[in-house]
Structures are given as structure tokens and as C-alpha cells.
Amino acid sequence: AGGAVGRAVSEGFRRGVFSNEAGLGTTAAVHSDSQTDIPCEQGMWNIFEVFVDTILLCTLTAAVIMSSGADLASPMQTAEQTVASAFGAGLGKWGEGFASLSVMIFAFFTVLGQTVIGEKSFRYAFPKCPRGIFCAAFTAISCLGCMTASQLCFEISDIFNGLLIIPNLAALLMLSGEVKAETDRFLK
């Protein structure tokens, strides 16, 4: 029972981080481009994004899957096929198309977001290196990812996400007093 609970928690954390990147510190690169005089307000928008993604969208998707009545026991189905089957059970082919289009749009914008985050990180680490090197490396890695088994891609992603979490959580702990003071000032 302990192993099952541990596995569920571990899988939940990995998929949660994969879904919304909370705790990774990567979305700070995207939010750093915002034009605001109140940085804490931008942080609140970041919290709102995590809430919408995790609480609203993931919960609604899970509710659709559990209430669909679709045959979801097939071990050959991917997560995307499970969602499409569930939406299709209630809405017919239109529902399957909607779910498939949603996954496609999510994947496309994820690649765009990761490009921005990757380029900002690359520029920080190598300020004098030409942008073309990053573009070529990102394109090559993206193509390689498309040709690799999805399970391996998820495992590699989990490893790198875990490596990102360690320094970010350490920094969050060290800066927690400053964050609390700034948040208190903002809320007043």
C-alpha cells in the first residue's frame, strides 16, 4: 500500500510539474518580459495560470473521462486517445476532434513557450554566442524528440525537470522572506 501511494504521489508530482511547471522557475523567463511596475502582480498572474491549468482544466478533463462511460481500459490507448475517446463518448466525432485539436494546440504553444524559455536561458549562459546556434540546436533536439519513443521523452523530461527543481526550490527557500514581504506589501 505504501509503495502504491508513493508511486501515485511521485507520478502526480511529475505530471503536475510537466503540466504547469510550478516549482521549476522556468515561467519566470516568460513573465520577465511583462511591462509592469508591480512585479508581485505578475507573480499573482503566474499563480492564477497554475490554478486554471491544474484545478480547472485538469479536473474538468478528469471529470469528463470518469463520467463518459467510454471503454477506457485498453492498455494500448495513450493518454491523448483516452481523452479523445471520453469526449467522443459524449459528443461523438465532434468531441474527439475537439480533444485532438486541443492537444495539438497545447503541444504547439508548449514548443513556442519552451523556445522562449530556452533562448532566454541560452542568452544568459552564453551572452556572446550567436542566436543561430541556439536555433539550430533547438531544432535538432526537437526533431530528435519527434523521432524518439514518447516514453523515453517523458523519462528524459522528468530527469531534467528534477534537476531544475533542485536549485529553484533552494533559491525559493533562501528568498522566501523577501517574497513574503513583497507579497504583504502588494496585498496591502
Side-chain angles (χ1 to χ4, degrees), residues 2-63 79 102-103 105-129 131 133-135 137-138 141-142 144-145 148 150-188:
V5 169
R7 170 72 188 229
V9 168
S10 171
E11 194 68 23
F13 279 139
R14 283 198 306 258
R15 292 300 145 241
V17 165
F18 189 75
S19 168
N20 59 42
E21 298 187 11
L24 287 181
T26 53
T27 56
V30 176
H31 287 274
S32 68
D33 280 340
S34 64
Q35 308 262 327
T36 182
D37 295 330
I38 309 167
C40 195
E41 183 178 39
Q42 197 61 34
M44 294 296 178
W45 279 113
N46 199 359
I47 292 169
F48 178 72
E49 290 170 10
V50 172
F51 172 80
V52 168
D53 176 58
T54 305
I55 304 301
L56 295 181
L57 296 177
C58 290
T59 302
L60 287 173
T61 302
S102 296
V103 168
I105 290 170
F106 171 76
F108 177 73
F109 282 103
T110 298
V111 171
L112 290 180
Q114 294 303 321
T115 304
V116 170
I117 292 167
E119 184 172 3
K120 283 183 172 277
S121 300
F122 181 82
R123 287 250 175 249
Y124 181 81
F126 308 103
K128 295 186 191 273
C129 201
R131 182 174 185 255
I133 291 175
F134 169 78
C135 293
F138 189 87
I141 291 169
S142 297
L144 183 63
T148 305
S150 62
Q151 183 63 32
L152 178 61
C153 286
F154 279 115
E155 289 171 4
I156 292 169
S157 174
D158 289 341
I159 290 168
F160 283 104
N161 283 344
L163 292 172
L164 278 171
I165 286 174
I166 295 167
N168 189 60
L169 290 182
L172 287 174
L173 284 173
M174 289 187 290
L175 295 170
S176 61
E178 191 174 324
V179 170
K180 183 180 178 342
E182 185 67 31
T183 303
D184 291 342
R185 213 174 8 258
F186 173 75
L187 294 176
K188 285 180 187 171

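Just so it is clear, the structure is predicted and the values come from calculations on it, not from any experiment.
For the atom pair Ile156 CD1 and Asn161 CG, the distance stands at 12.0 Å (nearest 0.5 Å). Within the model, atoms CG of Leu56 and OG1 of Thr61 stand 10.5 Å from one another, a figure rounded to the nearest 0.5 Å. Rounding to the nearest 0.5 angstrom, the gap separating the CG atom in Leu60 from the CD1 atom in Ile55 is 10.5 Å. To the nearest 0.5 Å, atoms CG (Leu163) and CG (Leu24) are separated by 11.0 Å. Interatomic distance, CG of Asp33 versus NZ of Lys120, reported as 3.5 Å (0.5 Å rounding). The distance from the CD atom of Gln42 to the OG1 atom of Thr36 is 6.5 Å, given to the nearest 0.5 Å.
Side-chain N or O atoms of Thr115 include one that pairs as donor or acceptor with a backbone N or O of Val111 at under 3.5 Å.
Residues Cys153 and Gly145 share a closest heavy-atom pair of SG-O, 3.5 Å. Heavy-atom minimum distance, Phe134 versus Glu119: CZ-N, 3.2 Å. Annotation for Ile133 and Cys129: closest pair CD1-SG, 3.5 Å, computed over non-hydrogen atoms.
Note: Phe122 and Phe126 have tilted aromatic rings, judged against thresholds of 30 and 60 degrees for the angle between ring planes.
Classification of Lys180 and Asp184 as a salt-bridged pair holds, one side-chain N sitting under 4.0 Å from a carboxylate O.
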(request) Determine, stepwise, if the pair Leu172 / Asn168 fulfils side-chain contact (heavy atoms from CB on, under 4.5 Å). (result) CA-CA 6 Å; Leu172 287 174; Asn168 189 60; 3.7 Å; yes
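Residues Ser142 and Gln114 have side chains not in contact (no heavy-atom distance under 4.5 Å, counting atoms from C-beta outward). Contact check for Met44 versus Leu187: side-chain heavy atoms found under the 4.5 Å cut-off.
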